[in-house]
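Reading through the structure tokens given below for one structure.
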Number of protein chains: 2
Amino acid sequence: MNDGDRGAGHAARPKRADARRNKETLLDAAAAIFVTSGVEAPVRDIAAKAGVGTATIYRHFPTRADLIIAVYRHQVEACVEAGPALLATSVTPYAALGRWIDLFVDFLVTKHGLAAALRSDDAGFDALHAYFLDRLVPVCTELLDAAAGSGEIRSDLEAYELMRGVGNLCIGADSDPRYDARRLVGILIAGLRRPH
Amino acid sequence: MNDGDRGAGHAARPKRADARRNKETLLDAAAAIFVTSGVEAPVRDIAAKAGVGTATIYRHFPTRADLIIAVYRHQVEACVEAGPALLATSVTPYAALGRWIDLFVDFLVTKHGLAAALRSDDAGFDALHAYFLDRLVPVCTELLDAAAGSGEIRSDLEAYELMRGVGNLCIGADSDPRYDARRLVGILIAGLRRPH
DNA sequence: TCTTCAAGCGGGACATGGTTCCGTTTGCTC
DNA sequence: GAGCAAACGGAACCATGTCCCGCTTGAAGA
């Protein structure tokens, strides 16, 4: 998946060296700005930090969603891979589900504004929704099905809905010391328990 | 609390008739626009609908929060008053809590964008946060304390945190048929149950 | 190495939406 | 009906996302 790769099938010329360098510089700058100003930081700020023009950002990342995805891709993939691993090592599927959700929450609450962006109905974030859901819903479904199969939880909840709910609970979790998203998500997960 | 009232203590001249009329017109226009375009609709749209200039909005409602509060004040107060009533008429405090939360959720999910505005960290919404929390947290505390006192639920959750959590779960509930905020809030409330 | 040229670049131009300012209008009081 | 302060409307201003255009430069071939 490198920039120099040929497209599947016919040859595409590799990107110029300066373009590749700029892309890396932009990713670093964006990551830094996201930490301090959140994922909705002005495009010009990111461009300034990277020392490039604004158009260069749009050239490499047509929408803000593309930039956010590129910055956080590794961490999302780590979360995806943690799902089956937790299922294999936890004492029950429900325990695995709980731990996996914790992982996801920890990721979200430390990314200023990301949870809100995930919920934004701005069309520019469509790719962001799609990416997160495409990657995480299948994992969550697996965990949910396992926990339902073992009889620990109710089975009438879609992974999609749970992911959205957890994401929503994480909105604004930073910047409000009186609000603990982890605790509330814990309560939500507790609410999944099948009343025996 | 009418506009023509004198301020507490020394005499303040009543507002001019046209000003009072404009304020009413603006409230009606805002209510209509909020329904169709959400509470973040452009100021100019609201002004146009009311047939006034934009400055007139700012004169009557310095921040968007003031306008939103004025539009929804009655419904929020109805919710406030429903709390003790439910507590008096329900079979258990926990049942009352559940029904009161349902009321709040029904209110939020039918107000396009309101839940999101409640969570926005935009300074212009400070008054909105303050109003909602000032009015609703005491009622929720009462219900929570009653349910904790009867031993039905855990007692380590502040009303503030619960209100924020419920509000968050309602974000984007319209405009997403696959997401049912009521169901998730129900699960959250179920999660409050004390494991006996 | 030198030439050529398209990929890539920067910053200015434009659109949108919030906010403020100012000259004009208008209700109220005398 | 005159005077005046309240209130008004809309233009002006600012911030930010997005797009365009003329210039620069990496790199392929002579």
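All chains are named by letter (A, B, ...) in the order of the sequence lines, taking the proteins before the strands, and each is independently numbered beginning at 1. As the structure is a prediction and not an experimental result, all values here were calculated from the model.
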B/Phe61 CZ to C/dT19 C1', in whole Å, measures 17 Å
Within the structure shown, what part of the strands sits under 4.0 Å from A/Ala55 by heavy-atom distance: base, sugar-phosphate, or nothing?
base
From CD1 of B/Ile57 over to P of C/dT20, roughly how many Å is that when rounded to an integer?
14 Å
Write down the distance between CG (A/Asp45) and C1' (D/dT16), rounded to a whole number of angstrom.
10 Å
Any side-chain N or O of B/Thr54 under 4.0 Å from OP1/OP2 of D/dG10?
no
Nearest listed nucleotide, side chain of A/Val52, among C/dC9, C/dG18, C/dG10:
C/dG10
Just how far, in rounded Å, is P of C/dC9 from NZ of A/Lys23?
11 Å
Do the charged groups of B/Arg64 and B/Asp122 touch, with an N to O distance under 4.0 Å?
no
Identify, between B/Thr63 and A/Asp18, the residue whose nearest nucleotide on DNA chain C lies closer to the 5' end.
A/Asp18
Between P on C/dC14 and OH on A/Tyr58, what's the gap in Å once rounded to a whole number?
17 Å
Does NZ or CZ of A/Arg99 fall inside the cone over A/Tyr94's six-membered ring, less than 6.0 Å from its centre and within 45° of the axis?
no
Let me know the distance between CZ of A/Arg16 and P of C/dC9, rounded to the nearest Å.
7 Å
If you compare every side-chain N and O of A/Arg44 against the phosphate oxygens of D/dA15 (OP1, OP2), does one of them come in below 4.0 Å?
no
Cationic tip of A/Arg164 within the cone over B/Tyr179's six-membered ring, i.e. under 6.0 Å and within 45° of the normal?
no
Any ion pair linking A/Asp18 and A/Arg16 (charged N to carboxylate O, less than 4.0 Å)?
yes
Can you check whether any acceptor in the base of C/dG27 is under 3.5 Å from a donor in the side chain of B/Arg21, or vice versa?
no
Measure from the side chain of B/Pro42, starting at C-beta and using heavy atoms only, and say which of C/dC28, C/dC9, C/dG18 lies closest.
C/dG18
Does B/Arg64 put a side-chain nitrogen or oxygen below 4.0 Å from OP1 or OP2 of C/dG18?
yes
Roughly, in whole Å, what's the span from CZ in B/Arg59 to C1' in C/dT24?
12 Å
Phosphate OP1/OP2 of C/dG8: any A/Asn22 side-chain N/O under 4.0 Å:
no
Provide, to the nearest angstrom, the distance between the CD1 atom belonging to A/Ile33 and the P atom belonging to D/dT16.
13 Å
Does the side chain of B/His60 get closer than 4.0 angstrom to OP1 or OP2 of D/dC8 through an N or O atom?
yes
Tell me whether B/Glu161 is salt-bridged to A/Arg183, with the criterion being a basic N under 4.0 Å from an acidic carboxylate O.
yes
